[in-house]
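Written below as structure tokens is the structure these notes are about.
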Amino acid sequence: MIKGLMAGAALAFAGLPGAALAQEGAKLDCVVTSVPEGTKNSIGASMAGGGDEATREALFKQLATITDDCVARHGIAAEQKGHYFDYSLARISREWLMGDISKLNLSTVVVDKALDFGPNGANPDLSADMTEDQIMKIVQAYIENGVDIEKVDGTVGEKVGAYAAATSIYWNKRKLLGF
């Protein structure tokens with residue numbers, strides 16, 4: 001999946017000069033590469049429903065501080081700061097969920113295809129709730145990929161739903177950032 005994302009990003013940036021590509025990649029990567037691995041794991045687990053409200057607030061404050069540093073370092077416009085924070089939070093959560101879901105022998109690529117996520121995808125807005133139709137698309141896609149849905153634990157479904165929401169925010173905020 002990571003290779004696929006990297007290939008998609010490479011295609012999206014193919015028309016940019018080398019220096020611009022490096023600069024845009026650095027902007028997109030700044031927060032994610034600045035957050036310590038343990039904090040990324042805590043953010044991912046928190047966004048998948050773990051922890052309490054106080055823990056989430058502390059993580060968000062830490063992420064906001066890192067985001068502010070990256071905004072200043074890369075000259076990101078003030079009006080893009082909120083989108084940049086949301087993109088970074090979604091990216092960290094998404095990457096953590098990809099790893100966690102893969103440990104359960106499920107592929108997130110199935111979700112990406114079912115809901116048409118990607119650089120050229122429809123990227124439906126799931127920042128609120130998923131519709132019954134969207135849920136059924138994911139379920140059907142897993143069934144078609146040989147997954148016995150009856151044996152899938154409810155917490156796995158919650159993680160898949162969190163992955164879909166994070167992926168939606170990731171692609172839509174990335175588009176709004178324009179870099």
Side-chain angles (χ1 to χ4, degrees), residues 1-9 11-12 28 31-32 35 39-60 63-64 67 80-179:
M1 178 64 192
I2 299 273
K3 286 183 184 177
L5 288 175
M6 290 171 54
L11 288 174
L28 290 171
V31 174
V32 175
V35 173
T39 303
K40 286 182 197 176
N41 292 335
S42 296
I43 289 170
S46 177
M47 297 310 289
D52 58 23
E53 188 62 32
T55 301
R56 277 190 288 282
E57 276 301 312
L59 289 168
F60 289 163
L63 187 62
T67 300
Q80 288 187 312
K81 183 179 172 182
H83 296 312
Y84 189 61
F85 176 87
D86 292 345
Y87 162 81
S88 299
L89 176 61
R91 181 173 167 187
I92 290 166
S93 301
R94 179 176 185 267
E95 290 174 2
W96 183 87
L97 286 159
M98 287 169 66
D100 203 51
I101 292 168
S102 72
K103 291 176 190 172
L104 303 167
N105 296 318
L106 293 175
S107 172
T108 55
V109 173
V110 172
V111 177
D112 293 343
K113 288 180 181 177
L115 296 180
D116 195 20
F117 288 133
N120 297 313
N123 299 316
D125 181 4
L126 303 180
S127 58
D129 289 324
M130 284 196 301
T131 66
E132 186 68 27
D133 183 51
Q134 290 165 329
I135 294 167
M136 292 312 297
K137 282 182 181 181
I138 294 170
V139 168
Q140 188 60 40
Y142 275 122
I143 291 170
E144 290 171 4
N145 280 276
V147 174
D148 185 351
I149 294 298
E150 298 299 320
K151 293 183 180 178
V152 175
D153 182 273
T155 58
V156 175
E158 290 174 13
K159 288 180 182 180
V160 169
Y163 170 80
T167 300
S168 168
I169 295 166
Y170 168 85
W171 285 113
N172 288 309
K173 294 298 180 176
R174 184 172 172 159
K175 181 185 278 186
L176 288 172
L177 288 170
F179 54 82

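Positions are given from 1, in the same order as the sequence printed here.
- Nearest heavy atom pair, residue Leu176 against residue Gln80, reads O-NE2, 3.8 Å.
- Between the Asp116 side chain and the Ala122 main chain, a donor and an acceptor come within less than 3.5 Å of each other.
- Inter-residue side-chain proximity for Tyr87 and Val31 is flagged as unmet; no heavy-atom pair is nearer than 4.5 Å.
- Counting heavy atoms from C-beta on, the side chains of Phe60 and Thr67 never come closer than 4.5 Å.
- Shown here is Lys81, whose NZ atom has no more than 12 heavy atoms of other residues, nucleotides or ligands within 6.0 Å.
- Applying side-chain contact (heavy atoms from CB on, under 4.5 Å) to Ser93 and the options Ile169, Thr167, Ile43 leaves one that passes, Ile43.
- Counting heavy-atom neighbours within 6.0 Å of Asp129 CG, excluding the residue itself, gives a total of 12 or less.
- Atom-to-atom distance recorded for Leu104:CG and Asp153:CG is 8.5 Å, nearest 0.5 angstrom.
- Nearest heavy atoms, Pro124 versus Phe117: CD-CE2, 3.7 Å.
- Distance check, rounded to the nearest 0.5 Å: CG of Asn41 to OG of Ser46 gives 12.0 Å.
- Between the side chain of Asp100 and the main chain of Trp96, no donor-acceptor pair closer than 3.5 Å is present.
- With values rounded to the nearest 0.5 angstrom, Leu126 atom CG is found 14.5 Å from Trp171 atom CH2.
- With Arg56 contributing its side chain and Gly49 its backbone, the two residues share no donor-acceptor pair below 3.5 Å.
- Side-chain contact between Leu97 and Met47 is absent, with no heavy atoms from C-beta onward closer than 4.5 Å.
- Counting only N and O atoms by type, the side chains of Asp133 and Thr131 include no donor and acceptor under 3.5 Å apart.
- Here the side chains of Asp52 and Thr55 are in contact, with some heavy-atom distance below 4.5 Å.
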